[in-house]
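Reviewing the structure listed below.
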Amino acid sequence: MADYNPQEIEAKWQKRWAEARVFETEADSSKPKYYVLEMLPYPSGTMHMGHMRNYAIGDVVARVKRMRGFNVLHPMGWDAFGLPAENAAIKNNTHPRVWTNNNIAEFQRTLRRFGFSYDWRREISTCEPEYYRWNQWFFLRMLERGLAYRKKSRVNWCPKCCTVLANEQVVNGGYCWRHEDTLVESRELEQWFLKTTAYADQLVDDLKELEGSWPERVITMQRNWIGRSEGAKLKFVVADVKGAPPIEIFTTRIDTIYGATAIILAPAHPLVAKLLDDSPNRAEAESQLAQMKQSSVKTADLATAEKVGFFTGHHATNPFSGEKIPIWVGNFVLMEYGTGAIMAVPAHDERDFEFATKYNLPKPAVVTSSKPLSAETAGQPKDFRENAVGSEGAPPPVSERGSSDSRTSFSGAVEQPFTEYGLSTNSGAFSGLPSRIAIEKMTAFAEKKGFGRREIVFRLRDWGISRQRYWGTPIPVVYCPDHGLQPVPYEDLPVLLPPNPKLTGEGESPLAATPEFVKASCPKCGGPARRETDTMDTFVDSSWYFYRYCDPHNEKAPFDSVKVGYWFPIDQYIGGITHAILHLLYSRFWCKVMRDLGLVGHNEPISRLFTQGMVQKGGVAMSKSRGNVVGAIDMAEKYGADTGRLYTLFAAPPEKDLEWSEESIEGSWRFLNRVFRLVDKHAAAVRDSKDWNFDPKGMTDKERDLIRVTYQTMTRVTQDFEKRWHFNSAIAQIMELTNEIYLAEPLENGVRPEIRKEVLQILTLLLAPMTPHIAEEMWEMLGNTDGLSNAPWPILAGEQLELAKDNELEIPVQVNGRVRTTLKVPAGATEADVAAKAKADAAVARHVEGKRIVKQIYVPNKLLNLVVQ
RNA sequence: GCCCGGGUGGCGGAAUGGCAGACGCUGAGGACUUAAAAUCCUCCGGGGAUUUUUCCUCAUGUGGGUUCGACUCCCACCCCGGGCACCA
């Protein structure tokens, strides 16, 4: 009799796995491949159970697939560049590399302690020159293709990070993603960008390939983020300023143009200054503008902020109606989106409505609901067509608005903006057309007349990758006084980080303050040149790391395309919802760039994505800053890795948040002890037994019952693993099987050793993906000498299929949908058999008595329902 | 405001049209023990009737609907969580 000793067992098997190299893998075209990956961790301090859950889920998948005969790639590495390392280094007066490597060592020790089945030979660390040189290599390739460029622009600056942030890193309407209490400032800086917008269309369109295998909300979030909107750009001529260029506006609702009562410019619009030069109330307007520009820095409550604006004193001409409408400046118009100018249609846009109400602009209605006979439209004629003209029609006359148009109920003002599609009205020759058709015809008209064109506008902007910090990939370019910007030649890569930077966390970038780094020579003339001192956003590192796993030690290229061709795309990616936009969008972009460089042959890098829930304690996510973490190593020391793994899988389905409970984990610990005792008790008797031959002859009832429940459990557990990822209910089934075996004790009475062996082996195999150490140990105790990790997953075949079937069924009998009794009937009983037996049953008879059976519903082997009146 | 999730015992959760509450935690009782721990067994949604057995009834956020039958499908609403939010 041995006690379950997880510390001993777990160390023993981890050593054996490493010695036998069971998780090391190579491309092998004779086997189906399976690439399962958990998102690469940022190694920060100690690992807690929130991290652990992610890896536990991935490891179950990897182990199940391995047992099912797949060639499994399951690697791990480190997202090792980043600000926390630099900040910690400043604080402790050490080097970021020291802090980072200590953390990596700690994380690695923890992951090894949990026995995850990684191929550790493939481990990568993004802060190593062997890795980041390929960031630089990709950058140069993008530079050649015009996908990397430099421009001066307004950027998001986090005063705490002392660096710029990408748009994606600005959260909660204007705060830093790393410092949620810090407002992001707006600064004008010269920055490096990657042209994500060049792939905007593909990034939206290819989301279709992911439908059904990525979580719907991730797809929606990406689609919203890219924000493609189809509309038209139109030119409005400034009527009363000589030499002023026309104002270009973007609209998705060209059909509402007859209702435009103002042009509104963004405060930062280049034309504003010119218009004000010539403005009667120039001084006042300029002070308002200054105020507006200042307050627009605070983007925090932008959506709720009041709309303010002022009249420039000038007018523009509506190209459709010929009407002169005032040009305003408004704080709610964004320079970054569209053209930085809009036409305001108060009757059909909520924002314009609000603005017009405040400043008393007219709100003529030009679209009416097409829904028949609503209260508003009841009085309207049904056929608007008589007023409509084809696209060949002449430019429409200026519409006569107001009470003169007795054919509609609109009298020039609306109570509420009507923003839906409907029928055009008061729109000259386009009146009466459904909105969709009006949009088409009016766009065509504008194109024909040359004052507008069809246009697609994206919310997505280019990815700003410049960071003014040390601990990242240097951008490989130099600036020569004579030859300007020069890429570092490929053969000179990597551009190494200087080993001993001065890190202060203040002022300019640390690299700029390191003269030996800045000093360079021009690749063209050899003369003195200045090296670029920005480093890359760390999301560059994580955009392609999963390719490097396929070929981690390649010194000639980021990877061998043949190897990537074998492993890609990733079959299953697992990580938190927090990366729904940033990491996953950049990765998709990177993949498309690599495809166009001829490096990979697929459109999308990740076939299936799973976003697991968080581990919480006290109702909030575990995090160091909240101080509510349960350390993974502590867990392993107290209960062992298997108990920790089992509990995180059992306590909640993987997609849901999990509330950590110290009490509940005891249950998982008890269960493993219970299973271990069972195997231990029978090991001696079973170890040398021959395998069972599945011969049903001569089986005792006890044997049959035990085998039946075992096989049924096996089938259900397999389904939970493969089809539904319901690990919690898989574990529940295994617990139930264990309980059944206990109730059949003592097994020595009436259960032959070979049948006991069959039952206990299946129990062990079912547990193996989740609690691999104890399973290996029990597998060995049961007399197996080959390891469990590549043992075939148990599947019912031949005689076993018969043995799994119930020979007696319990059929609930309902009367009018309420269960009145359950009947035991032999398997294969017909409807007539069941009905006859039911009607003879006293409990049923009580409810049927005196009534007429009007209907009888029988679901074979499931249920009988008698409908009575 | 818009778009996703979700709402089931004291708790985590199970059941995706067919016996609601599997499995686990907590709690109660029993067995073993000198005793304790560990272990093993039994019970554990509410109300009522009957009294060691069993039966009835209510109950899956609320109100309707579809169906022989609804936690599950449809409609409306309430609450909780998350995402997006002047994107023209």
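Letters A, B, ... are given to chains in the order of the sequence lines, protein chains preceding strands, and every chain is numbered from 1. Quick note: numbers below take in every heavy atom, side chains included, and nothing from hydrogens, waters or symmetry partners.
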B:C86 base / A:Lys307 side chain donor-acceptor hit below 3.5 Å: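 It does, because a donor-acceptor pair links the side chain of A:Lys307 to the base of B:C86 below 3.5 Å.
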Distance-only donor-acceptor test, A:Gln814 side-chain atoms vs B:G18 base atoms, 3.5 Å: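 Side chain to base: pair found, below 3.5 Å.
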Closest to side chain of A:Thr822, choosing from B:C19, B:U26, B:G18: B:C19
Residue A:Asn739, side-chain atoms from C-beta onward, closest of B:A88, B:G24, B:C41: B:G24
Base partner of [N], which must satisfy Watson-Crick or wobble distances under 3.5 Å:
N	value
B:C84	B:G1
B:A49	B:U54
B:C32	none
B:G24	B:C11

What is the distance from [atom1] of [X] to [atom2] of [N], rounded to the nearest Å?
X	N	atom1	atom2	answer
A:Met735	B:A14	CE	P	14 Å
A:Asp3	B:U39	CG	P	11 Å
A:Asn224	B:G83	CG	P	14 Å
A:Leu658	B:G13	CG	C1'	11 Å
A:Phe671	B:C40	CZ	P	12 Å
A:Ile263	B:A88	CD1	C1'	11 Å
A:Ile226	B:A85	CD1	P	14 Å
A:Lys617	B:G12	NZ	P	17 Å

Nearest atoms (heavy-atom pairs only) where A:Pro267 meets A:Gly330: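 Heavy-atom minimum between the residues: CD-O, 3.2 Å.
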Pick base, sugar-phosphate or nothing for [X], based on heavy-atom distances below 4.0 Å to the nucleic acid.
X	result
A:Arg820	sugar-phosphate
A:Arg228	nothing
A:Arg459	base

Under 3.5 Å: donor-acceptor pair, side chain of A:Asn224, backbone of A:Met221: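 Absent.
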Presence of salt bridge, A:Arg820 and A:Glu849, under 4.0 angstrom: no
pair A:Leu585-A:Ile226: side-chain heavy atoms closer than 4.5 Å: yes
Sub-6.0 Å ring centroid separation between A:Tyr647 and A:Phe671: no
A:Arg674 side-chain N/O to B:C23 phosphate OP1/OP2 under 4.0 Å: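 So the side-chain polar atoms of A:Arg674 never come under 4.0 Å of the phosphate oxygens OP1 or OP2 of B:C23.
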Glycosidic conformation of B:G9, taking syn as within 90° of 0 and anti otherwise: syn
Test log, rule side chain to side chain contact (heavy atoms under 4.5 Å, CB included), inputs A:Ile257 and A:Thr251: CA-CA 9 Å; A:Ile257 196 166; A:Thr251 179; over 6 Å; no
